[in-house]
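The structure appears right after this line, and notes come after that.
Just the heavy atoms: all of them, side chains too, but no hydrogens, waters or symmetry mates, feed the values below. Letters A, B, ... are given to chains in the order of the sequence lines, protein chains preceding strands, and every chain is numbered from 1.
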Amino acid sequence: MELEKVYNPKETESKWYKFWEEKKYFESHVNPAKKPFTMVIPPPNITGILHMGHVLNNTIQDILARYKRMSGYETCWIPGTDHAGIATQNVVEKSLAKEKIFRRDLTREQFLEYVWKWKDQYGGTIIKQLRYLGSSCDWPRERFTLDEGLSDAVKEVFVRLYDKGLIYKGKYIVNWCPRCTTALSDDEVEHRDHEASLWHIKYPLKGTNEHIVVATTRPETMLGDTAVAVNPSDERYKHLIGKTLILPLAEREIPIVADAFVDPAFGTGMVKVTPAHDPNDFHIGKRNNLPQIIAFDVHGKMNENVPEIYRGLDRYECRKKVVEHLTEKDLLVKTDKHKNAVGHCYRCDTVIEPYLSDQWFVKMKPMAEKALEAVTSGKIQFTPERWVKVYQHWMENINDWCISRQLWWGHRLPVYYCNNCRQQAEAQISNLKSNPETAQKEKWIIVSKELPKKCPHCGSTALEQDPDVLDTWFSSWLWPFSTLGWPKENEDLKYYYPTDTLVTAADIIFFWVARMIMAGLEFKGEVPFKKVYFNSIVRDAQGRKMSKSLGNSPDPLDIINEYSADALRFTVAYLSPIGQDVLFAKEKCEIGRNFCNKIWNASRFILLNVDNNMQADIKSLDSSLAPMDKWILSEYNQAIKETTKYLDELNFTGAAHILHEFFWSKFCDWYVEFVKPRLQDEKQKEVVQYVFLYVLTNSLKLMHPIMPFITEELYQQTKGLLPEKSRDESIMISSWPVFNAVPGYESSVKEVEFVMEFIKAIRTVRVDMNVAPQKQVEIVINTADKEKFEIIQKYLPNMTLMCKVGKVSAGSVKPRFSAIIVAGGVEIFILLEGIIDFEKEKARLDKNCQKVIKDIEGLNNKLSDSRFLQHAPEKEVERLKAFKKENEDKLASIKKYIDVLQAE
RNA sequence: GGGCGAUUAGCUCAGUUGGUUAGAGUACUACGUUGACAUCGUAGGGGUCACAGGUUCGAGUCCUGUAUCGCCCACCA
């Protein structure tokens, strides 16, 4: 049988993916005979396209899924997508705008129809692309956060939390995006430092010619000022507390109040207070019973509460005008440069505006305490561990979660208002209560999964659903159990929950991971997963985060086309540092491509050299195994042990390195080269063929989780050759190799290692002496150890092939014109008449000598230190002594022959 | 302003609980192609493990401090 000389990944990959899917190997069913291994995919946004972050994330998940499947687990990897409220609404609005269709001209229903249409067309892009990567997701279980079942879970959770008093409505300062015209949670705001100005403004004291000075970075907000605050202990201003100021431009009267929040050392020590547009001022306002004047509309334009001249102006235009007018009136004292952090919308990057509005919140503290405990106690394990601290810090300082969004795309709040009750209540209380305790008890609010027929209080049917939708993460945080059918209790949920390992990027630790843990504990009474693996963030060669806007993310599909999916997967696993960022450039995929090529060609060589009618099995052959066979079998076993260990530790880099080292350096470079002579011997050939196939097929299994396609192709190609009783239909359902150290191989391993050292030493001398590569040399061995000489004689055919030694003889005198090496405690003379350069040879020996002397010196220092001898473990002392002896023997030999050389 | 992490070969990174002579890939140098593979082979050069202290018989590894870089959190107008 002969393989194609060149591996064709493209054809192979689509062929086997189709095969696996048709055979339903990815699918999982409740199976009490097996332990489950469950993962949920971090659902990509429907607006997304595959980028390197997804590649890394899904490669890791797929490695785990395939490894666990082969290890006998009922493996279920649930895929799906996230509706991504703001992001999707923005994308669809933009795409409609190109056709001159604007959301403001559409009804909610019409707009949503467009979004669903868009979703059907583009929403599955990433999920489709994941197949090219080889992802073994359980596709029939694919879920979408707006699916009926998941929406039901969302409503169920909302109602439960509301009934428990953990959800409340209130009028608070929230982060407002004037472009998206919605509230955002604190986490959705990205802070960046801006070079801003700090304007110092005079506020005249009523009835005097005096004024005070306040400093602000947002002068336009002064139109909503309702006070100026000073620190109550600030001696400079004590006398002013209670006095009245004339707010310039707006020409309103505002009081000077005392509040401990004010830092006397900052600015002038006087703060203008805008309760409706600044979180601090909001609280100062509450404490001092100040009115709240909302000065902007939802788009960030000045509203009817400001003087007419500013109405309708954008907040920044207004800022300019305000500064201008203040200057004209000589009320601007000075303008300082000032650096401060400004919040931006994480979806559209618009500067957010703190804004007073009615929103819904979740009380987080009670849930956070349990969720923190789950991680600190180790019930949930983080890898890398350092994320525990980050998690802990957030959990201990958690704020309530603003969950309402003024959008159309998303889960509508299961909240209904009775207009009748509301009117009655509003007649009684003029302004809305913003105390959560009372607000949620307001009668006109009905929280229910379904639209109630009538108001339970007054019987009115004039009910209206809250127009807002929920934060996208309000559905994502239920993902580990909503995807399994919750709130319906069923067999899947019982069997698969809790899931095992969550693989995700650390940038959503708060958005998603933390909240899933809270939700799991709150609604299932159990952690949602046992382990969390935080994969690296992929950066470009300059260390910049890969992003669409920078255009620095190579398209993974291009990489797959150019290098193959296996190459990409291997490279990503091989490079990915543990918990650090990974710098990526597509050229790095040469690592994976070259390795695939090596695997392919080694297999090709093996298939060229095996007969179809092999009957042997490892037991019947054991007595015929040569030391080299035993060596590679030992190495192979070691590789199983380490690969398994690394995969269990979620150290994918470790696993990839072990496999690379084992297959390439040990199997190809040594074993395959070494046994070539034995292929000429009919009897020996059978043994070699067996070991070839045994190690190859099993190595393929070890490599399959990382490189699924090429390993399947080669596994199939070797089918029928290895005398296994029954060969699995596919490598992906074959079983993971088990470490099985065979005792009694130690002496063979030692023997082979001795010969290897020997061969390497001869190669080095040959290159140093510029011996023509094909020229055979003769060597003379000087050793008192007869056994060693016999070993060397035995391996002459190998040495002929691997370091071109044509003849070996014994002798205790250095022949003339020979180079000398000491390896494995044996003196070797390489006959190089007419070739040897005595100057070079002497230099070489001198260099060797220097190194050995240095080593001995170091060892002497240690071994003559009584404190070392006293404290170090005996084993360590013995080891060093033996090493010293070895070096001394070597030095003696080299020195002796430097003298001999001198004489020649 | 707080917290976390990083600093090892030209580059990208490994380095398990402290214990030989600090590794890999890549790049570089020399040599080599008629039968597995030039996406290859053989050999080689290249590191006072950021710096300064400390603990220890022994530190790349543990502790403290410094520097540089990065990330996260944060209501200083």
(message) Let me spell it out: for each of Asp186(A) and Lys598(A), pick the nucleotide of RNA chain B with the closest heavy atom. Which residue's pick is nearer the 5' end?
(response) Lys598(A)

(message) Over all strands shown, is Lys760(A) touching base, sugar-phosphate only, or nothing at heavy-atom distances under 4.0 angstrom?
(response) sugar-phosphate

(request) Taking only the side-chain heavy atoms of Pro279(A) (C-beta and beyond), determine which of rC75(B), rU39(B), rG25(B) contains the nearest atom. (result) rC75(B)

(request) May I ask which nucleotide in the shown strands pairs with rG2(B), Watson-Crick or G-U wobble, both distances under 3.5 Å? (result) rC72(B)

(message) Within the 4.0 Å heavy-atom criterion, would you say Cys668(A) contacts the bases, only the backbone, or no part of the nucleic acid?
(response) base

(message) Rounding to an integer number of angstrom, what distance separates rU29(B) and rA9(B) when you compare their C1' atoms?
(response) 15 Å

(message) Regarding His283(A), tell me which of base, sugar-phosphate or nothing describes its non-hydrogen contacts under 4.0 Å with the strands shown.
(response) nothing

(message) By the 4.0 Å heavy-atom rule, please label Asn340(A) as base, sugar-phosphate, or nothing.
(response) sugar-phosphate

(request) Examine rG45(B): is either OP1 or OP2 under 4.0 Å from a nitrogen or oxygen in the side chain of Lys847(A)? Give yes or no. (result) yes

(request) Report which part of the nucleic acid Asn397(A) touches: base, sugar-phosphate, or nothing (heavy-atom distance under 4.0 Å, all strands). (result) nothing

(request) Describe the nucleic acid contact of Trp199(A) in one word from base, sugar-phosphate, nothing, applying a heavy-atom distance below 4.0 Å. (result) nothing

(message) If I pick the P atom on rC71(B) and the same atom on rA30(B), what distance separates them, to the nearest angstrom?
(response) 41 Å

(request) Look at the side chain of Tyr574(A) and decide which nucleotide, out of rA24(B), rC37(B), rA43(B), has an atom nearest to it. (result) rA24(B)

(message) Taking the minimum atom-to-atom distance to the side chain of Asn280(A), which one of rC73(B), rC57(B), rC75(B) wins?
(response) rC75(B)

(message) I'd like to know if the side chain of Ser564(A) pairs up with that of Asp566(A) as donor and acceptor (distance under 3.5 Å, no hydrogens or angles considered).
(response) no

(message) Need one value for Val273(A): base, sugar-phosphate or nothing, where a base atom within 4.0 Å counts as base even if backbone is also close, heavy atoms only.
(response) nothing

(message) Checking Tyr346(A) against Glu190(A): is there a side-chain donor and acceptor pair closer than 3.5 Å?
(response) no

(request) Flag yes if more than 12 heavy atoms outside Lys840(A) fall under 6.0 Å of its NZ atom; otherwise flag no. (result) yes

(message) What I want to check is whether the side chains of Lys272(A) and Thr274(A) have a donor and an acceptor closer together than 3.5 Å.
(response) yes

(message) Please tell me whether Tyr172(A) and Asp400(A) have a donor and an acceptor in their side chains that are separated by less than 3.5 angstrom.
(response) no

(request) Using a heavy-atom cut-off of under 4.0 Å over every strand shown, decide if Lys851(A) touches base, sugar-phosphate, or nothing. (result) base

(message) Give me the distance, rounded to whole Å, that separates rA59(B) from rA50(B) when you measure between the P atoms they each carry.
(response) 15 Å

(request) Give the nucleotide from the list rC4(B), rG19(B), rA36(B) with an atom nearest to the side chain of Arg386(A). (result) rC4(B)

(message) Considering every strand and a 4.0 Å limit on heavy-atom distances, what is the contact class for Pro354(A): base, sugar-phosphate, or nothing?
(response) nothing

(request) Describe the nucleic acid contact of Phe595(A) in one word from base, sugar-phosphate, nothing, applying a heavy-atom distance below 4.0 Å. (result) nothing

(request) Have a look at Glu673(A) and say if it touches a base, only the backbone sugar-phosphate, or nothing, with a 4.0 Å heavy-atom cut-off. (result) base

